[in-house]
Amino acid sequence: MDFELSDEERAFQEAVRRFGDRVLRPAEAKIDEGGRIPPEVLRAMADLGLLAMPVPSEYGGMGASAVLTELAAEEVGRGDLSMATAVFFLLEAGWGSTLARHGTQELRRSFLPSVCRGEAFLGIATTEPGGGSDLARMRTQARRTPDGFELTGEKTFVSGTTEAGEMGGGHLTLARDAGGQGFHFLYVPTRSDGLTTQRFENMGRMGISTGSLSYDHVRVPASNLLGEAGHGFQLALGGFQVARTFVSAACIGAAERALEIGMAHLRTREAFGQPLGRFEGIQFELADLFAQVEAVKWQCRRAAWLLDRYPLTGDETHRSEVNRAVASVKLTAPPIAFETVKRVMMWFGAAGYTKEVGLERGLRGVMSYLVGAEGGLNIMRIILGRELLGKEFLPYP
Ligand SMILES: Cc1cc2nc3c(=O)[nH]c(=O)nc-3n(C[C@H](O)[C@H](O)[C@H](O)COP(=O)(O)OP(=O)(O)OC[C@H]3O[C@@H](n4cnc5c(N)ncnc54)[C@H](O)[C@@H]3O)c2cc1C
């Protein structure tokens, strides 16, 4: 067992931390208040190779391992506490790698390089107005046509609907086969005829949009199909494993940044004639938070390591090991990050409640992962229950 990062991993981690300090932190307020990630920030991310970094170099990425991508996700989460940049980062990384693995050669060649350059957006569309947790009951349908598919239905609470419309790009979209032959996983460009979007007003991660996508007989060419027709469900679930690991990493980065901000404050702010950090009531809280963040960080790095070692096609034992590791970290990282940001806000007293200190951005951003983004916490518990007790204990048919 070796916990040491390689020289290459450490150098890249430091480079992304510098990018976070020099580019993301100064832009944090602008990202949160302006409703978008400024183009110069996306350009800087692309220059560093951060966009869709696991995509192989022949399609414009850097062919990064899941471990290297996890390290970068931590740093992006640390750099922009609002989580908007982290969401952009992890969508491109998680779903870019899925497209690189399962997309047709034509789609990979024509689309992925522009995603890696930050000139097109790639997201995921599975959630529907009827619910996001129980994907098997989705209603959006894809009817087969002589040259591809025709989509009818609606997706909702989808990240990046505005970005995909403005920059170009679209979403990997899961749809039920109209003839009852399973599910198709299709890349659907947002600028397609018959597709309309609507943006929602969220409470956090304001720099990236969330909205709905309505499909009115949207035609999708056969070359936009991922994997085999009718077998898309498993591909989408595999992509979620990757995305959930990077989500957790971003939460860990945000928690570490909150602790750094908090520790600087504990050293300097005085109450009752002493720095706050001298009071055991606060020191113990710091110690508990640090220990929890540290534990979940290594849990997350192990999940990434497992993804590298046992790619999602692995045998049953390893499949279960990956499922348990990813569900565990997605279950623990967001609540620990939320609690850390909240506690540190309280060390600031009234100032913690202001926009000036900026921790509230983290609270609003991390909250998205508690309510459901990339799968709700109870869904992680259901996955763990299934893996620990067996499929026969699933409460649903
Ligand atoms: C900011 C944000 C961005 C998002 N971006 C995307 C995106 O890009 N693409 C996309 O497709 N979706 C996206 N989502 C949607 C997300 O995937 C869903 O919110 C999630 O899957 C839960 O679905 P739901 O909101 O419909 O809640 P529901 O499925 O209605 O569930 C409601 C609550 O009940 C819980 N629950 C459900 N079933 C059970 C059960 N059997 N036992 C116990 N508890 C249960 C859930 O965990 C949840 O807390 C985003 C969500 C947010 C908040």
Side-chain angles (χ1 to χ4, degrees), residues 32 35 82-96 98-99 121-140 151 153-165 169-176 183 185-188 190 197-215 232-233 235-237 239-244 246-247 250-251 254 327 330-331 334-335 337-338 361-386 393-397:
D32 196 46
S82 81
M83 290 282 133
T85 314
V87 172
F88 197 106
F89 168 89
L90 69 93
L91 285 170
E92 311 309 67
W95 299 105
T98 302
L99 201 158
F121 178 87
L122 173 64
I124 172 73
T126 57
T127 307
E128 300 197 350
S133 303
D134 187 3
L135 284 182
R137 274 174 223 264
M138 72 175 50
R139 294 193 169 171
T140 299
L151 226 67
E154 187 180 355
K155 299 288 178 187
T156 193
F157 302 120
V158 172
S159 301
T161 46
T162 305
E163 287 77 359
H171 293 78
L172 300 187
T173 307
L174 196 60
R176 173 183 295 285
F183 292 84
F185 202 29
L186 300 160
Y187 166 63
V188 184
T190 303
T197 65
Q198 195 196 341
R199 185 170 180 153
F200 302 149
E201 194 62 43
N202 276 345
M203 65 172 268
R205 57 190 235 191
M206 313 303 272
I208 185 161
S209 63
T210 308
S212 63
L213 296 158
S214 298
Y215 315 92
F233 204 80
L235 298 189
L237 293 188
F240 276 120
Q241 301 284 48
V242 179
R244 283 171 185 159
F246 302 151
V247 161
C251 288
K330 173 64 170 61
L331 176 61
F338 188 82
R361 278 199 282 271
L363 202 77
R364 290 188 278 113
V366 172
M367 188 67 197
S368 69
Y369 293 118
L370 293 179
V371 298
E374 307 290 340
L377 300 188
N378 280 350
I379 301 312
M380 301 307 118
R381 293 184 174 102
I382 290 171
I383 294 171
L384 282 168
R386 182 193 66 202
F393 281 84
L394 262 182
Y396 322 102

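All values below were derived from every heavy atom in this structure, side-chain atoms included, with hydrogens, water molecules and symmetry-related copies excluded. The chain is numbered in sequence order, starting from 1. Just so you know, ligand 1 is whichever comes first in the structure, and atom 1 is the first atom listed for that ligand.
- One finds the CD1 atom of Ile124 at 7.0 Å from the OG1 atom of Thr173 (value rounded to the nearest 0.5 Å).
- Formation of a donor-acceptor pair under 3.5 Å by the Glu374 side chain with backbone atoms of Tyr369 is not found in this model.
- Put simply, no part of Gly123 is less than 4.0 Å from ligand 1, judged by heavy atoms.
- In terms of polar-atom proximity, defined here as any N/O pair under 3.5 Å, Thr126 does make such a contact with ligand 1.
- Here the protein heavy atom with the shortest distance to atom 8 (O) of ligand 1 is Ser159 N, 2.8 Å.
- Atom CG of Leu174 sits about 6.5 Å away from atom CZ of Phe233, to the nearest 0.5 Å.
- Side-chain atoms of Glu128 come within 3.5 Å of backbone atoms of Thr140 as a donor-acceptor pair (strictly under, hydrogens ignored).
- Ligand 1 places these atoms under 4.0 Å from at least one heavy atom of Gly132: 21 (O), 23 (O), 24 (P), 26 (O), 29 (O).
- With rounding to the nearest 0.5 Å, the separation of CG in Asn202 from OG in Ser159 is 8.0 Å.
- Although no hydrogens or angles enter the test, the distance criterion places no donor-acceptor pair under 3.5 Å between the side chain of Arg139 and the main chain of Gly153.
- A donor-acceptor pair under 3.5 Å is absent between the side-chain atoms of His171 and the main chain of Thr126, judged by distance alone.
- For ligand 1, the atoms lying closer than 4.0 Å to a non-hydrogen atom of Gly131 are 26 (O).
- Residue, atom and distance of the protein heavy atom nearest to atom 43 (C) of ligand 1 are Asn378 ND2, 3.4 Å.
- Counting only heavy atoms of the protein, atom 17 (O) of ligand 1 lies nearest to Thr127 OG1, 3.2 Å.
- In terms of protein heavy-atom proximity, atom 40 (C) of ligand 1 is closest to Tyr396 OH, 3.4 Å.
- Ranking the protein heavy atoms by distance from atom 20 (C) of ligand 1 puts Gly372 O, 3.3 Å first.
- Counting heavy atoms under 4.0 Å from ligand 1, residue Ile382 touches it through the side chain alone.
- Per-residue contacts place Ile124 under 4.0 angstrom from the following atoms of ligand 1 (heavy atoms of the residue considered): 7 (C), 8 (O), 9 (N), 10 (C), 11 (O).
- Protein heavy atom nearest atom 52 (C) of ligand 1, with residue, atom name and distance: Ala373 CB, 3.8 Å.
- Listed by atom number, the atoms of ligand 1 under 4.0 Å from Val371 heavy atoms are 53 (C).
- With a 4.5 Å cut-off on side-chain heavy atoms, Ile208 and Phe121 count as touching.
- Checking atom 25 (O) of ligand 1 against the protein gives no heavy-atom contact under 4.0 Å.
- Short contacts between ligand 1 and Ala125, defined as distances under 4.0 Å to a heavy atom of the residue, involve ligand atoms 11 (O).
- Using modelled atom types, one side-chain atom of Arg176 and one backbone atom of Ala136 make a donor-acceptor pair closer than 3.5 Å.
- The closest donor-acceptor contact from the side chain of Lys330 to the backbone of Gly375 lies under 3.5 Å.
- In this structure, atom 3 (C) of ligand 1 is in close contact with the protein, since a protein heavy atom lies within 4.0 Å of it.
- Judged by distance alone, the side chain of Arg364 and the main-chain N or O of Met203 form a donor-acceptor pair under 3.5 Å.
- Within the structure, the closest approach of Arg205 to ligand 1 falls below 4.0 Å when heavy atoms are considered.
- The line from CG of Leu135 to OG1 of Thr127 is 6.5 Å long, rounded to the nearest 0.5 Å.
- At the shortest separation from atom 6 (C) of ligand 1 among protein heavy atoms lies Phe157 O, 2.8 Å.
- Atom 32 (C) of ligand 1 has as its closest protein heavy atom Ser133 OG, 4.9 Å.
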